[in-house]
**Q** 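My structure is below; once you've seen it, I'll send some questions.
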Amino acid sequence: MDQVGIDSTAFRKALLKWYRAEGRRLPWRETDDPYAILVSEFMLQQTQVVTAIPYYHRWLERFPTVEALASASTHDLLALWQGLGLYRRAHNLQRCARMVVDKWGGVFPRSVEGLRELPGVGRYTAGAVASFAYNLPAPVVDGNVARVLSRVLNLQEPIDTPVGQAILWDAAERIARCKQPRLINNALMDLGAVLCKARRPACGRCPVRRVCRAIDAETLPRKRPQPPTQVRVERYWWFYDGARVLLEQRQAAARWGGLWTLPTLDADAPSGRETFVSLRHHIMRFLIDLQVVRGDHASLPQPPAASRLWQPVARLGEVPMPTPHRRVIGLALAAESARL
DNA sequence: AAGACGGGGCT
DNA sequence: AGCCCAGTCTT
């Protein structure tokens, strides 16, 4: 029994036995290439495994090496990330590639401290690359591991606080301090994903049930109360000349940075026009009411501003766009057809 | 400590 | 209709 409150040796032994028999086979576990691992970890930030898998394959086919990614265009980058969300990840991933190429001659740092220098690489991602690519004894605490450890420890402290996080990272560090950190970290995540799930955990089949201190597993982990969802209205222009749609590129630092959307309609300006089509979608804790107002394309300056583009409807697929805008454009085109 | 950043899967 | 998910960075 160590400071974690559990017997780490027994925990690891039972966990690994289970993992060897029932662990998941995932594409990024077939490699020890730090670049491929890094790609997978960026995609998996706040993103479910099943969602990331097709993106991972497409990405490595298009950008098989760190050099290929470093020299890619922003357009190609975003075209491949389109639909995954949290687009800053794509920009940061390329900044990582450029840093590795320019600063370290194409060779990834071999330590957690070095990996942490990369943009968009926090404690979790650095630990993931270090353990998965190099088998270094670095801890990882993601949503799965946090859930598993909070239950094993019967942790009553909320996990989304500095105190809760410190306890989890301490525990993960002790557990990962062993001969097989790569396997242990993968096994911890798989236990969370396969058995120790958020709802209806399969405690009866759990390999570490004799070590686990959870009294009521399903009530863990505890979290601080979340603020309620806020409704927010956003309005955009619909300019359509019968064959082309006017798009606007988002500022790099803004939401959807670098992607193309319908032109924004200044929320303060009372247009007095009625909504042509609308769509509701969630972004984090906001419910966005996306309203589209039909404008007169003949009144627009020619040519359009540099950040704007008349895109042929038949080639909308070539332009990286956030999913809600792609959807609402479909609605608007249908509405145009209905007007005839 | 809180806010910003997306989208899709699951119950 | 909520809640959750292989998080990170800025303020």
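Within every chain, numbering begins at 1; the chains are lettered A, B, ... in the order of the sequence lines, protein sequences first and strands thereafter.
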**Q** Treating N185(A) as the side-chain partner and A138(A) as the backbone partner, does any N or O pair qualify as donor plus acceptor under 3.5 Å?
**A**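 Side chain of N185(A) to backbone of A138(A), a donor-acceptor pair under 3.5 Å: yes, one is there.
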**Q** Would you say the side chain of Q46(A) and the base of dG7(C) hold a donor-acceptor pair, judged only by whether the two atoms sit under 3.5 Å apart?
**A** yes
**Q** Using atom NE2 of H282(A) as one end and atom C1' of dG9(B) as the other, report the distance to the nearest whole Å.
**A** 14 Å
**Q** Scan V145(A) against the nucleic acid and name what it touches under 4.0 Å (heavy atoms): base, sugar-phosphate only, or nothing.
**A**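 No contact.
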**Q** Salt-bridged, R205(A) to E22(A), with N to O below 4.0 Å?
**A** no
**Q** Mark yes or no for a side-chain to base donor-acceptor pair under 3.5 Å between R224(A) and dA1(B), with no hydrogen or angle criteria applied.
**A** no
**Q** What closest approach, in Å, do V140(A) and A128(A) show between heavy atoms, and which atom pair accounts for it?
**A**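 The pair with the smallest heavy-atom distance is CG1-N, 3.3 Å.
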**Q** For R89(A) and V163(A), find the nucleotide of DNA chain B closest to each by heavy atoms; which residue's nucleotide sits nearer the 5' end?
**A** V163(A)
**Q** On DNA chain C, does the nearest nucleotide to D142(A) precede the nearest nucleotide to N92(A) from the 5' side, or the other way round? Give the residue.
**A**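 Upstream on the strand: D142(A).
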**Q** Is atom CD of Q302(A) surrounded by more than 12 heavy atoms (other residues, nucleotides or ligands) closer than 6.0 Å?
**A**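 Check passes, neighbour count above 12.
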**Q** To the nearest angstrom, how far is Q226(A) atom CD from dG2(C) atom P?
**A** 15 Å
**Q** Can you sort out the partners of Y19(A) under ring pair (Phe, Tyr, Trp, His ring centres under 6.0 Å), two or more places apart, ordered by chain and number?
**A** none
**Q** Measure from the side-chain heavy atoms of Q45(A) and tell me the nearest of dC5(B), dA6(C), dG7(C).
**A** dG7(C)
**Q** Distance check: side-chain N/O of Y87(A) vs OP1/OP2 of dG7(B), anything under 4.0 Å?
**A**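 Yes.
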**Q** Under 4.0 Å between any heavy atoms, over every strand shown, what does I288(A) touch: base, sugar-phosphate, or nothing? Just pick one.
**A** nothing
**Q** Within the pair S40(A) and dA6(C), is there a side-chain N or O less than 4.0 Å away from OP1 or OP2?
**A** no
**Q** Could you check whether D160(A) pairs with K223(A) (Lys NZ or Arg NE/NH1/NH2 to Asp/Glu carboxylate O, under 4.0 Å)?
**A**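 Between K223(A) and D160(A) there is no salt bridge, as every charged N stays at least 4.0 Å from the carboxylate O atoms.
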**Q** Could you give the distance separating dC9(C) and dG8(B) at their P atoms, to the nearest angstrom?
**A** 24 Å
**Q** Using atom NE2 of H281(A) as one end and atom C1' of dA1(C) as the other, report the distance to the nearest whole Å.
**A**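 Going from H281(A) (NE2) to dA1(C) (C1'), I get 17 Å.
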**Q** Return the value, rounded to whole Å, for the distance between atom CZ of R285(A) and atom P of dG2(C).
**A**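 Rounded to whole Å, this separation is 15 Å.
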**Q** Count the heavy atoms of every other residue, nucleotide or ligand shown that sit under 6.0 Å from CD of Q251(A), and state whether that count exceeds 12.
**A**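 Counting neighbours around CD of Q251(A), 12 or fewer heavy atoms of other residues, nucleotides or ligands fall under 6.0 Å, so no.
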**Q** Could you pick out which residue, G120(A) or V49(A), lies toward the 5' side of DNA chain C when each is mapped onto its nearest nucleotide?
**A** V49(A)
**Q** So what does F42(A) touch, heavy atoms closer than 4.0 Å: a base, only the sugar-phosphate, or nothing?
**A** nothing
**Q** Report the C-alpha distance between Y124(A) and E41(A) in whole Å, list the side-chain angles of each, state the deciding distance to 0.1 Å, and finish with yes or no for side chain to side chain donor-acceptor pair (under 3.5 Å).
**A** CA-CA 9 Å; Y124(A) 165 78; E41(A) 294 302 338; 2.8 Å; yes
**Q** Could you give the CG-to-C1' distance, from L84(A) to dG7(C), as a whole number of Å?
**A** 14 Å
**Q** Nearest whole Å is fine: how far is dC4(C) C1' from R147(A) CZ?
**A**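 Computing the R147(A):CZ to dC4(C):C1' distance gives 8 Å.
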**Q** Using whole Å, what does the distance between atom P of nucleotide dC5(B) and atom CG of L259(A) come to?
**A**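 Distance check: L259(A) CG to dC5(B) P gives 13 Å.
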**Q** Check every strand shown and say whether G83(A) touches a base, only sugar-phosphate, or nothing at a heavy-atom separation below 4.0 Å.
**A**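 If one applies the 4.0 Å heavy-atom cut-off, G83(A) turns out to touch the sugar-phosphate alone, with no base involved.
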**Q** Taking the P atom in each of dC5(C) and dC5(B), what is the distance between them to the nearest angstrom?
**A**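 The same atom, P, in both gives a distance of 22 Å.
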**Q** For DNA chain C, determine which residues of residues 180-188 of chain A have any heavy atom closer than 4.0 angstrom to one of its atoms, and list them numerically.
**A** none
**Q** If we take the P atom in both dA4(B) and dA6(C), what is their distance in whole Å?
**A** 24 Å
**Q** With DNA chain B as reference, determine whether P324(A) or P162(A) sits nearer its 5' end, using the nearest nucleotide of each.
**A**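 Here P162(A) is the residue nearer the 5' end.
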**Q** Can you tell me whether the side chain of T47(A) and the base of dG6(B) have a donor-acceptor pair closer than 3.5 Å?
**A**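 Answer yes: a donor N or O sits under 3.5 Å from an acceptor.
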**Q** Ignoring backbone atoms, establish whether W256(A) has a side-chain N or O less than 4.0 Å from OP1 or OP2 of dG7(B).
**A**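 Result: yes.
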**Q** Checking all strands, does Y56(A) fall into the base, sugar-phosphate, or nothing category for heavy-atom contacts under 4.0 angstrom?
**A** nothing
**Q** Within less than 4.0 Å of OP1 or OP2 of dG8(B), is there a side-chain N or O belonging to R327(A)?
**A**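 True: R327(A) side-chain N/O within range (under 4.0 Å) of dG8(B) OP1/OP2.
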**Q** Between dC9(C) atom C1' and L86(A) atom CG, what is the distance in whole Å?
**A**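 The answer, rounded to whole Å, is 12 Å.
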**Q** Give me the distance, rounded to whole Å, that separates dT10(C) from dG7(B) when you measure between the C1' atoms they each carry.
**A**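 Looking at atom C1' only, dT10(C) and dG7(B) are 22 Å apart.
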